[in-house]
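As structure tokens, the structure follows; a few thoughts come after it.
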There are 2 protein chains.
Amino acid sequence: MPQIDTKTRILDAAEHLFARDGFHSTSLRAITGQAQVNLAAVNYHFGSKDALLQAVFERRLHPLNQIRQDLLEQVLHTARQQNIRPRVIDLIGSFIEPTLAFRQSESGAQDFTTLVGRALVEPDPTVRDCFIKLVTPLFLQLSAALQLALPQIPAEILQARLQFTLGAMGHTMCTLGRPPLELPGILPPLPAEKIAELLINYVSSGLEAPC
Amino acid sequence: MPQIDTKTRILDAAEHLFARDGFHSTSLRAITGQAQVNLAAVNYHFGSKDALLQAVFERRLHPLNQIRQDLLEQVLHTARQQNIRPRVIDLIGSFIEPTLAFRQSESGAQDFTTLVGRALVEPDPTVRDCFIKLVTPLFLQLSAALQLALPQIPAEILQARLQFTLGAMGHTMCTLGRPPLELPGILPPLPAEKIAELLINYVSSGLEAPC
DNA sequence: GTCTATACGATGATAGAC
DNA sequence: GTCTATCATCGTATAGAC
């Protein structure tokens, strides 16, 4: 009798191996081997390898996006009440801070951020689209909120800047555990909370820059 | 008789397939098949699959880094002559603009930027280290130059911000060709030159932000 | 419902004859 | 250098035990 149920064991193993080796380089046999379950269990519980990938994304993203969305709406609500524009730093904070907190708390979350980093640069639609469609709704909300906070910035410029932000954030999250550039002349890495604070500061400044 | 020599055909095919499918998911057979050369030719010309990857990186990075370094030294030289601090926007421009120009000009450069994007998030040292060691010298020079331009920023903060910059830049370069988020509510993408200008503006602002 | 054992067809790696 | 026979491994499907 396993302590953890089969579905979870498969998800944990898949998350780890997809992050470490990439989706296409990871075989179902490697996953079921690590999870100590039968090969066919993947097909039984998830239907296919693609569906398993989607389940790996959903398990983490659904609760995380819920938190981010709640925070975002809270920021917007407060601003509306006070009849002022929301602050960029608060909007961005509602997006970045839960991500960081989540990454620190849950075991396997580090693997997950690596997987997200991979998905962001993946040209193959199997992996990329699977991730993109889960974050797009929230991303559009954030985009609209930032447009509200920065009405003087043209929409297409703001959108480009949001892409830069996504890149900075994704890269930071998925390389947080590792040494930044493993070579001499590099200072020891800062603690994750400090990095998050610096990142929010950095991207806020970039988003608000005069055109 | 081929119009292009065997080594180049292998490099072109490897660059394309490594970018599209990832290093580990690309077989030598796929490469030699696309290049229309014999399977053994890879081992003859490059020695191994790993060495081929390194050659793919070097072919693009050596000339590109040379240009970036020349530009960087030119910016530093001008500042020294005028006895003023170099401007962040010029330093960052010397790093980003040649990359963009190169990406636009050379065929296959788009594949290459995708490959770089992959290398930046790759946990496996085979791919990652191979790339990192080729960009580190220039990266350290840029880091030192920015420290000169921004003496009021503590070194460890500047270093974190440089990592954010690397993330924003890497992500931008490797997703330039694709639609940013392929869903409704998204505006048509801007031309690459405009994106580069916005990116330089964005990261400069982020780097210079008050602590 | 859950899980296991096993099989299938496809694809790719490997090594030895030519 | 090339071709080919052989073998390993892939994702998926199915039959049946608990």
Side-chain angles (χ1 to χ4, degrees), chain A residues 1-59 111 115 118-119 122-131 133, chain B residues 1-56 111 115 118 122-127 130:
Chain A
M1 286 293 183
Q3 297 115 331
I4 316 172
D5 82 318
T6 302
K7 270 185 92 160
T8 305
R9 293 225 306 287
I10 293 174
L11 285 170
D12 288 342
E15 180 172 72
H16 177 67
L17 294 173
F18 287 163
R20 198 191 63 183
D21 303 329
F23 176 71
H24 288 108
S25 298
T26 302
S27 67
L28 291 180
R29 287 168 174 83
I31 293 167
T32 53
Q34 165 136 342
Q36 304 221 54
V37 300
N38 189 272
L39 171 62
V42 170
N43 240 274
Y44 174 72
H45 284 288
F46 300 97
S48 70
K49 192 185 176 185
D50 285 18
L52 171 60
L53 177 67
Q54 170 139 345
V56 167
F57 277 126
E58 280 174 351
R59 175 172 65 149
D111 285 333
L115 187 52
R118 276 192 191 274
E122 179 65 59
D124 174 49
T126 312
V127 182
R128 183 175 165 77
D129 293 357
C130 183
F131 167 73
K133 76 177 178 202
Chain B
M1 285 295 179
Q3 297 114 329
I4 315 170
D5 78 327
T6 301
K7 268 185 92 159
T8 305
R9 293 227 305 288
I10 293 174
L11 285 171
D12 288 343
E15 181 172 71
H16 177 68
L17 294 172
F18 287 162
R20 199 190 61 184
D21 304 329
F23 177 70
H24 289 106
S25 297
T26 302
S27 66
L28 290 182
R29 303 174 88 83
I31 295 168
T32 53
Q34 165 136 344
Q36 306 221 53
V37 301
N38 188 272
L39 174 61
V42 170
N43 232 273
Y44 173 75
H45 284 291
F46 300 97
S48 71
K49 192 182 174 186
D50 284 20
L52 171 59
L53 177 68
Q54 171 140 346
V56 167
D111 287 331
L115 187 53
R118 276 191 190 273
E122 178 64 61
D124 174 48
T126 312
V127 181
C130 183

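What's counted below: heavy atoms across the whole structure, side chains too, no hydrogens, waters or symmetry copies. Chain identifiers are assigned alphabetically (A, B, ...) following the order of the sequence lines, protein sequences preceding nucleic acid strands; residue numbering begins at 1 within each chain.
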Nucleotide nearest [X] when distance is taken to its side chain, options [options]:
X: A/Thr6; options: C/dA7, C/dA5, C/dC3; value: C/dC3
X: A/Ser27; options: C/dA13, D/dC10, C/dC3; value: D/dC10
X: A/His45; options: C/dC3, D/dA13, D/dT12; value: C/dC3
X: B/Asn38; options: D/dT2, D/dG11, C/dA5; value: D/dT2
X: B/Leu39; options: C/dT14, D/dT12, C/dT4; value: C/dT14

Could you state the atom-to-atom distance from NZ of A/Lys7 to P of C/dC3 in whole Å? 10 Å

Does A/Arg20 use its side chain to pair, donor to acceptor, with the backbone of B/Pro123 at less than 3.5 Å? no

Just by modelled atom types, is the A/Ala19 backbone N or O under 3.5 Å from a matching donor or acceptor in the A/Arg118 side chain? yes

Can you find a side-chain donor-acceptor pair between A/Ser48 and A/Asp50 that sits under 3.5 Å? no

Is it the case that A/Lys49 places NZ or CZ above or below the six-membered ring of A/Phe18, under 6.0 angstrom from the centre and within 45 degrees of the axis? no

Toward the 5' end of DNA chain D, by each residue's nearest nucleotide, B/Arg29 or A/Asp50: B/Arg29

Which is true for A/Thr26 with a 4.0 Å heavy-atom rule: it touches a base, it touches only sugar-phosphate, or it touches nothing? sugar-phosphate

